[in-house]
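Just so we're clear, the structure is a prediction, and the values are computed from it rather than from any experiment. Numbers for residues simply follow the sequence, beginning at 1. Excluded from the calculations below are hydrogen atoms, water molecules and symmetry mates; all remaining heavy atoms, backbone and side chain alike, are included.
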Amino acid sequence: MVTSLRRRADVLCSGGLVLACLLVVSDLVYAEDTAAPCPTAQASGDVTLRTSDELAAFGQRFSGATGTLVIEGLDQGGLQSLRCLQEVGGTLRLEGNPGATHVSLPALERVGGSLWFLYNPRVQSVELPRLTGVGGALWVAHSDALERLDLSALQRVGEGMFLWRNRALEVVELGSLLDLGHTLEVKENEALTELRLGLLGRIGGRLDLRDNRSLQRVVMPQVTTVGDLAVLVDNPALATARFDQLQGIARSLMVARNGSLLELSVPALHSVGWELTVRDNPHLSRLDLPQLHTVGRALLIENNPSLRALVSSNLRTASDGITVQSNASLERVSLSSLQSVARDLCIQQNGRLSAVDLGGLESADQRVLVLSNPRLEALRLPRLVAVNWRLEVRENQRLGNLELPLLESVGHGVHVVGNAQLEHMDLRSLQTVEWVLEVVENGSLANLTVPALRLLGKGLSVQHNGAISAVDAPSLSEVGGALLVRNNPGLKSFTMPALTQVGAPQLVVVQNPALTRLELPLLQRVEHSLRIVENRDLEVLSFPRLEAVPRQLSVANNPALRELQVPGLQAVDWHLEVRNNPRLSLGDLHRLQQQNAGTVLVCGNRGGEACR
């Protein structure tokens with residue numbers, strides 16, 4: 001071959017065909033180089049090569065270097081002179097070569113340290129077809145013209161692999177890579193469409209795929225573990241991400257702002273050490289996590305407007321809480337094996353959510369919030385025993401059933417508010433609420449029955465429930481704060497036979513037109529004020545053991561009231577008001593008027609003065 005090229009060069013050059021002559025001479029030089037036998041010596045220590053002559057001299061003498069090999073500052077050409085380079089004991093750095101257009105190291109098999117390919121703006125291809133191992137990190141970055149990267153034999157990288165800002169690189173296929181000691185980071189590669197690592201089994205550190213605007217497909221079917229974070233963020237063209245064998249992520253999984261993502265497949269994933277976050281993926285339609293049993297911190301599923309189902313039937317715990325919110329198309333949440341949440345469980349603002357399965361939940365250390373899910377029809381928590389802070393079910397317009405049959409204690413408050421179609425609420429086992437029980441604006445609720453409730457630390461509020469007919473708390477002995485019963489048009493029965501004390505600021509029964517009797521036979525003290533006002537059908541008001549109302553007693557505008565029984569009440573220290581109860585005889589009021597130390601307004605009652 002060499003002889004043939006010499007003859008062609010002689011003919012072309014003697015005939016004045018300059019361009020053709022130069023091309024053949026170039027082929028001749030390369031052929032002569034490749035025909036020569038490869039040296040076997042290793043250069044000792046660190047070596048830096050900056051010119052073509054230095055490359056040629058090194059290539060003629062050495063097949064490797066024991067230390068670091070640096071190639072920098074080349075103004076033209078490639079690395080043909082290093083065709084025999086087989087091994088670099090330390091780091092191999094190809095950095096800042098403004099004129100190089102092609103890098104081919106066909107014999108290179110091993111780099112003991114790191115391999116750096118950085119800031120080579122005109123290099124179009126990098127071919128390392130025999131390289132099997134890199135002991136340190138592998139960097140390919142800031143090379144705008146790079147279109148082809150051949151690492152087809154690479155099996156192991158001891159540390160991380162970083163592919164950054166290679167604007168022309170379209171496909172990365174590492175078909176032989178088995179193990180990556182630390183990070184895999186693929187960022188800001190504008191033309192990259194596919195990332196395929198068919199045999200990779202382990203990523204020892206972080207998996208970070210970010211800001212690759214043309215990336216459409218990520219395939220890592222054999223990866224089983226990620227030793228740090230796994231991040232898929234801001235890849236607007238990404239449609240499919242498959243991790244079929246991925247079982248464990250040591251820290252967090254974040255999938256966010258991938259504008260075209262349709263499918264996220266992690267069918268074998270069983271544990272995430274920290275957070276699992278899936279948010280702001282507008283086309284993601286399904287998220288199945290069938291084997292997931294542990295999330296070490298928080299699970300956040302937020303603002304995925306096409307997501308229809310969240311199924312994780314084996315999840316048992318999420319230590320820092322679970323939030324499922326603002327997923328406009330979400331219809332089903334199934335977390336049937338979830339047993340405990342160390343912080344909040346929040347399901348809110350999911351416009352189409354109709355079914356929630358939390359059948360295994362036993363405890364929540366902070367809050368359970370089910371808010372503003374307009375199509376949710378039933379919420380059943382059949383095993384929930386304790387909520388250590390707050391239970392809130394609010395503004396779920398179609399919610400008809402709220403079942404909490406084993407719930408015994410709530411550390412702060414229970415708030416059932418604004419559920420227009422709620423008809424039935426099961427709180428049969430509830431014994432203590434350290435703060436407040438609030439049942440407000442549930443237009444269809446038939447009754448409030450809490451047979452085991454003994455203590456309300458701060459208050460009870462039953463207000464603006466259009467259909468409620470009965471409030472029954474037979475075991476309740478103390479309300480530490482206010483007791484408010486207001487504007488319940490259908491309320492006929494209010495039963496608290498064991499109640500002895502109501503704290504500040506007041507006991508208020510106002511605007512309950514169907515209530516006919518209010519009897520609290522054991523009530524002894526109201527810490528501040530007692531107000532019974534505008535109850536149209538109220539006939540009997542009986543507090544036979546009431547001894548003290550320190551501030552205000554107001555009984556007003558109850559047109560049917562005929563009995564006011566407070567035989568033990570000695571005085572009202574600040575303000576006594578009994579007015580506009582036209583059927584009420586004065587009875588004990590004469591005594592109270594005389595003993596009251598504050599202001600008195602008694603008028604508009606049967607046999608008394610009219611109000612002015």
Testing the basics here: between [X] and [Y], what is the closest heavy-atom pair and its distance to 0.1 Å?
X      : Y      : result
Met496 : Leu476 : SD-CD2, 4.0 Å
Pro305 : Asn281 : CD-O, 4.0 Å
Leu307 : Leu287 : CD1-N, 3.5 Å
Gln247 : Leu269 : O-CD1, 3.5 Å
Leu601 : His575 : CB-CE1, 4.5 Å
Trp574 : Arg551 : CB-O, 2.9 Å

Is a side-chain N or O of [X] found less than 3.5 angstrom from the main chain of [Y], in a donor-acceptor match?
X      : Y      : answer
Ser469 : Gly490 : no
Asn558 : Asn535 : yes
Ser337 : Ser313 : yes
Asn488 : Asn512 : no
Ser475 : Leu453 : no
His412 : Arg390 : no
Asn465 : Asn442 : yes

Consider only side-chain N and O atoms of [X] and [Y], and report whether a donor and an acceptor are under 3.5 Å apart.
X      : Y      : result
Gln565 : Ser542 : yes
Glu534 : Gln511 : yes
Gln431 : Arg454 : yes
Asn401 : His424 : no
Ser252 : Glu275 : yes

Starting from the C-alpha separation in whole Å, work towards a yes-or-no answer on side chain to side chain contact (heavy atoms under 4.5 Å, CB included) for Leu315 and Leu289. CA-CA 9 Å; Leu315 182 65; Leu289 303 163; over 6 Å; no
N-O pairing of Arg257 and Asp234 below 4.0 Å: yes
Salt bridge or not for Arg525 and Glu527, using N-O below 4.0 Å? yes
All ring pair (Phe, Tyr, Trp, His ring centres under 6.0 Å) counterparts of His293, not counting sequence neighbours: His270
Pair Glu263, Ser265 - check side chain to side chain contact (heavy atoms under 4.5 Å, CB included), show working. CA-CA 6 Å; Glu263 179 186 11; Ser265 179; 3.9 Å; yes
For Leu448 and Val416: C-alpha separation, side-chain torsions, deciding distance, then whether side chain to side chain contact (heavy atoms under 4.5 Å, CB included) applies. CA-CA 11 Å; Leu448 172 61; Val416 182; over 6 Å; no
Are the side chains of [X] and [Y] in touch, meaning some heavy atoms are under 4.5 Å apart?
X      : Y      : answer
Val479 : Leu499 : yes
Val356 : Val370 : no
Val485 : Phe494 : yes
Asn557 : Arg579 : yes
Val233 : Met254 : yes
Leu407 : Val387 : yes
Val471 : Val439 : no
Val218 : Phe243 : yes

Working to the nearest 0.5 angstrom, can you tell me the gap between [X] [atom1] and [Y] [atom2]?
X      : Y      : atom1 : atom2 : answer
Leu553 : Asp573 : CG    : CG    : 11.5 Å
Leu335 : Asn314 : CG    : CG    : 11.0 Å
Thr277 : Leu300 : OG1   : CG    : 5.0 Å
Asp357 : Leu381 : CG    : CG    : 10.0 Å
Asp426 : Arg428 : CG    : CZ    : 4.0 Å
Ser336 : Leu358 : OG    : CG    : 9.0 Å

Gln366 vs Arg343, test: side chain to side chain donor-acceptor pair (under 3.5 Å). Steps then yes/no. CA-CA 5 Å; Gln366 293 288 324; Arg343 296 189 67 181; 5.7 Å; no
Within 45° of the axis and under 6.0 Å from the centre of the six-membered ring of Trp389, does NZ or CZ of Arg367 qualify?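 So Arg367 doesn't make the cation-pi contact.
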Side-chain atoms of residues 347-354: list all donor-acceptor pairs with protein atoms under 3.5 Å, sequence neighbours left out, distances to 0.1 Å.
{"from": "Gln348", "atom 1": "NE2", "to": "Gln325", "atom 2": "OE1", "distance (Å)": "2.6"}
{"from": "Gln349", "atom 1": "OE1", "to": "Ser326", "atom 2": "OG", "distance (Å)": "3.4"}
{"from": "Asn350", "atom 1": "OD1", "to": "Ser326", "atom 2": "N", "distance (Å)": "3.4"}
{"from": "Asn350", "atom 1": "OD1", "to": "Asn327", "atom 2": "N", "distance (Å)": "3.1"}
{"from": "Asn350", "atom 1": "OD1", "to": "Asn327", "atom 2": "ND2", "distance (Å)": "3.2"}
{"from": "Asn350", "atom 1": "ND2", "to": "Val324", "atom 2": "O", "distance (Å)": "3.1"}
{"from": "Asn350", "atom 1": "ND2", "to": "Gln348", "atom 2": "O", "distance (Å)": "3.1"}
{"from": "Asn350", "atom 1": "ND2", "to": "Asn373", "atom 2": "OD1", "distance (Å)": "3.2"}
{"from": "Ser354", "atom 1": "OG", "to": "Glu331", "atom 2": "O", "distance (Å)": "3.4"}

CZ/Arg562: more than 12 non-hydrogen atoms of other groups inside 6.0 Å: yes
If we check side-chain contact (heavy atoms from CB on, under 4.5 Å) with Leu284, which of these qualifies: Asn258, Leu264, Ile301?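 The side-chain contact (heavy atoms from CB on, under 4.5 Å) with Leu284 is passed solely by Leu264 among Asn258, Leu264, Ile301.
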Before you tell me yes or no, could you show the steps for Ser554 and Glu577 under side chain to side chain donor-acceptor pair (under 3.5 Å), namely the whole-Å CA-CA distance, both residues' side-chain angles and the distance that decides it to 0.1 Å? CA-CA 5 Å; Ser554 179; Glu577 177 185 17; 2.9 Å; yes
After noting the C-alpha distance and the side-chain angles of Asn447 and Asp472, does the key distance pass the side chain to side chain contact (heavy atoms under 4.5 Å, CB included) rule? CA-CA 8 Å; Asn447 58 68; Asp472 186 13; over 6 Å; no
